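Worksheet: one structure, shown below.
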Amino acid sequence: MLMVIHNYGASMKFLVIAVDDSKFIHKIIGNFLDPKRFEVHFFVCAKDAKKALDAFARQGRDVDLVLLDIYLQEGTKEDSLRLLHFLTREKKRTHVILMSGRLSAREFVEFYSRGAANYLLKPFAEKKFIYTVQRHVKLARSTPEYNNKPLAKVKVNEREIFIGALSAHAQIASFLRDELMKNNIGSCCEPAEFLGDTLWRAVLTHAINRCKIFFLILTPDTLQSAYMKQEIVQAFKRKKRDGNKFFIIPILYNIQASSLPRQLSSLYCVDITSAKNRAENIRSLIFSVKKKMKTMV
């Protein structure tokens, strides 16, 4: 796989913006994030955060992560939604994690469908906070910038392809996501284990019901996972309802088509088991999918 190396200047610290109208929350975040690894800037309103984002851009610095409170000083979510819209339109590499003490499944679906990447509920549990932040700053740093150009055309809030995979196969799923991004196709690329979380379950179900194509990464572990079984069942329900307006494409990884259940083995499968031809086969698949999507309503 091609590894893209970014030049972040003298400082390799992760650059984070936290937007919350509570100074107490600022203090908690500051205590959680190691200043040797994170450079954090705090704001109480979306307007000031937007100015900071513009200022960093003029300095040639990319913000890795925005921690965004849903309900700011005005008590509505409109300012947060406007800032999220700006980020998904202009800052393709920046990840956004929502913060809230009263986030509903419907609200998470709304923000996720507009480009948010994850959520943290207040009061924060330190271990989960740090794990979630670290996961997303690393994802932000690994976002490909092909030919040194920003991914200006990628519609990150239009996740047209759902990538069904376990967290153990994150490397393959991420490569698929990056190749889709290279072709200006947004995707939902979240571990199936997230279905164990009530809010994530609503998001992933929504994503399966809204996407055009379901990529199913199949391994021997896939067929043993209760979470993957839920995703597969949901995808086939969608297929039964929408027919040729929705496609399921199994991607075989260290598993033979002959060992699959009949419902899956009867579908067109792509085998990426061989490391020698893996990247080529994935890119060929995406090229075919891109042509197919042009004909889909």
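None of these values were measured; they are calculated from a predicted model. Position 1 is the first residue of the sequence; numbering continues from there.
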Geometric cation-pi criterion Lys50 and Phe86, 6.0 Å radius, 45° cone | yes
Working for salt bridge (Lys or Arg N to Asp or Glu O under 4.0 Å), residues Glu110 and Arg106 = CA-CA 6 Å; Glu110 178 184 13; Arg106 179 178 295 180; over 6 Å; no
Taking the side chain from Thr94 and the backbone from Val63, do they hold a donor-acceptor pair closer than 3.5 Å?
-> yes
Working for salt bridge (Lys or Arg N to Asp or Glu O under 4.0 Å), residues Asp54 and Lys51 | CA-CA 5 Å; Asp54 290 336; Lys51 290 179 181 178; over 6 Å; no
Looking only at heavy atoms, what is the nearest atom pair of Val137 and Asp64, with distance?
-> CG1-CB, 4.2 Å
For Ser284 and Glu280, indicate whether the former's side chain and the latter's backbone hold a donor-acceptor pair under 3.5 Å.
-> no
Should Leu267 and Leu252 be counted in the same cluster of Ile, Leu, Val, Met, Phe, Trp and Tyr side chains packed under 4.5 Å apart?
-> yes
When hydrophobic residues are tied together by side-chain contacts of less than 4.5 Å, even through go-betweens, does Ile272 share a cluster with Ile249?
-> yes
Approximate separation, where rounding is to 0.5 Å, of Leu285 CG and Cys269 SG = 11.5 Å
Heavy-atom neighbours of Arg210 CZ exceed 12 at 6.0 Å = no
Flag, side chain of Ser187 to backbone of Cys189, donor-acceptor distance under 3.5 Å | no
Working for side chain to side chain contact (heavy atoms under 4.5 Å, CB included), residues Ile70 and Met99 = CA-CA 6 Å; Ile70 290 182; Met99 301 186 296; over 6 Å; no
Would you call Ile172 and Ile251 a side-chain contact if the rule is heavy atoms closer than 4.5 Å?
-> no
Test side chain to side chain contact (heavy atoms under 4.5 Å, CB included) on Ile213 and Phe162 and set out the steps.
-> CA-CA 6 Å; Ile213 295 173; Phe162 188 101; over 6 Å; no
Kindly indicate, with the supporting measurements, whether the criterion side chain to side chain contact (heavy atoms under 4.5 Å, CB included) is fulfilled by Arg37 and Lys13.
-> CA-CA 5 Å; Arg37 300 186 62 221; Lys13 289 183 180 181; 5.9 Å; no
Given the side-chain rings of His41 and Phe56, with only the six-membered ring counted for Trp, is the space between their centroids under 6.0 Å?
-> yes
For Asn31 and Glu126, does a side-chain donor sit closer than 3.5 Å to a side-chain acceptor?
-> no
Indicate, with yes or no, if Ile161 and Leu139 share a hydrophobic cluster defined by side-chain heavy-atom contacts under 4.5 Å among Ile, Leu, Val, Met, Phe, Trp and Tyr.
-> no
Got more than 12 heavy atoms from elsewhere within 6.0 Å of CG, Asp34?
-> yes
Give a yes or no answer on whether the side chain of Gln224 reaches the backbone of Asp221 with a donor-acceptor pair at less than 3.5 Å.
-> no
Would you name the heavy atoms of Ala192 and Leu166 that are closest together and state the gap between them?
-> CB-CD2, 4.3 Å
From Arg141 atom CZ to Leu15 atom CG, the distance as rounded to the nearest 0.5 Å | 8.0 Å
Looking only at non-hydrogen atoms, find the nearest pair between Arg159 and Cys188 and report the distance.
-> CB-N, 3.8 Å
Minimum heavy-atom distance between Leu67 and Val133, given as atom pair plus value | CD2-CG2, 4.3 Å
Can you establish whether the number of heavy atoms outside Gln256 located under 6.0 Å from its atom CD is more than 12?
-> no
Atom pair CG (Asp69) and CG (Leu120), whose distance is rounded to the nearest 0.5 Å | 11.5 Å
Specify the closest pair of heavy atoms between Ile163 and Arg177, including all atoms of both residues, with the distance to one decimal.
-> CD1-N, 3.9 Å
Do the ring planes of His26 and Phe42 sit parallel (below 30°), tilted (30 to 60°) or perpendicular (above 60°)?
-> parallel
Same cluster or not: are Tyr131 and Phe14 linked, directly or through other Ile, Leu, Val, Met, Phe, Trp or Tyr residues, by side-chain heavy atoms under 4.5 angstrom apart?
-> no
Check whether any side-chain N or O of Ser266 sits under 3.5 Å from a backbone N or O of Gln263 as a donor-acceptor pair, and report yes or no.
-> yes
In Å, rounded to the nearest 0.5 Å, how long is the span from CG of Asn183 to CZ of Arg283?
-> 10.0 Å
So CZ of Arg114 and OG of Ser80: to nearest 0.5 Å the spacing works out to 11.5 Å
Criterion side chain to side chain donor-acceptor pair (under 3.5 Å) against Asp242, the qualifying member of Arg238, Lys239, Lys245 | Arg238
Can Thr222 and Thr219 be counted as having a side-chain donor-acceptor contact under 3.5 angstrom?
-> yes
Closest approach of Pro250 and Ile248, non-hydrogen atoms and distance?
-> CD-O, 3.6 Å
With a 3.5 Å cut-off and no angle check, do the side chains of Tyr112 and Glu190 form a donor-acceptor pair?
-> yes
Measure up the Phe129 and Phe124 rings against each other and bin them: parallel (under 30°), tilted (30 to 60°), perpendicular (over 60°).
-> tilted
Any idea how Phe108 and Trp200 line up, ring-wise: parallel (<30°), tilted (30 to 60°), or perpendicular (>60°)?
-> perpendicular
Got a donor-acceptor contact below 3.5 angstrom from the Arg201 side chain to the Phe194 backbone?
-> no
Are the side chains of Tyr119 and Asp197 in touch, meaning some heavy atoms are under 4.5 Å apart?
-> yes
Glu39 and Arg61: CA distance, side-chain angles, deciding distance, salt bridge (Lys or Arg N to Asp or Glu O under 4.0 Å) verdict = CA-CA 12 Å; Glu39 177 184 338; Arg61 303 184 65 192; 2.7 Å; yes
Begin with the C-alpha distance, continue with both residues' side-chain angles, and end with the deciding distance and a verdict on side chain to side chain contact (heavy atoms under 4.5 Å, CB included) for His85 and Glu90.
-> CA-CA 8 Å; His85 177 70; Glu90 303 291 342; over 6 Å; no
Using a 4.5 Å cut-off on heavy atoms from C-beta on, say whether the side chain of Leu87 contacts that of Val66.
-> yes
Same cluster for Val19 and Val44 if Ile/Leu/Val/Met/Phe/Trp/Tyr side chains link at under 4.5 Å?
-> no
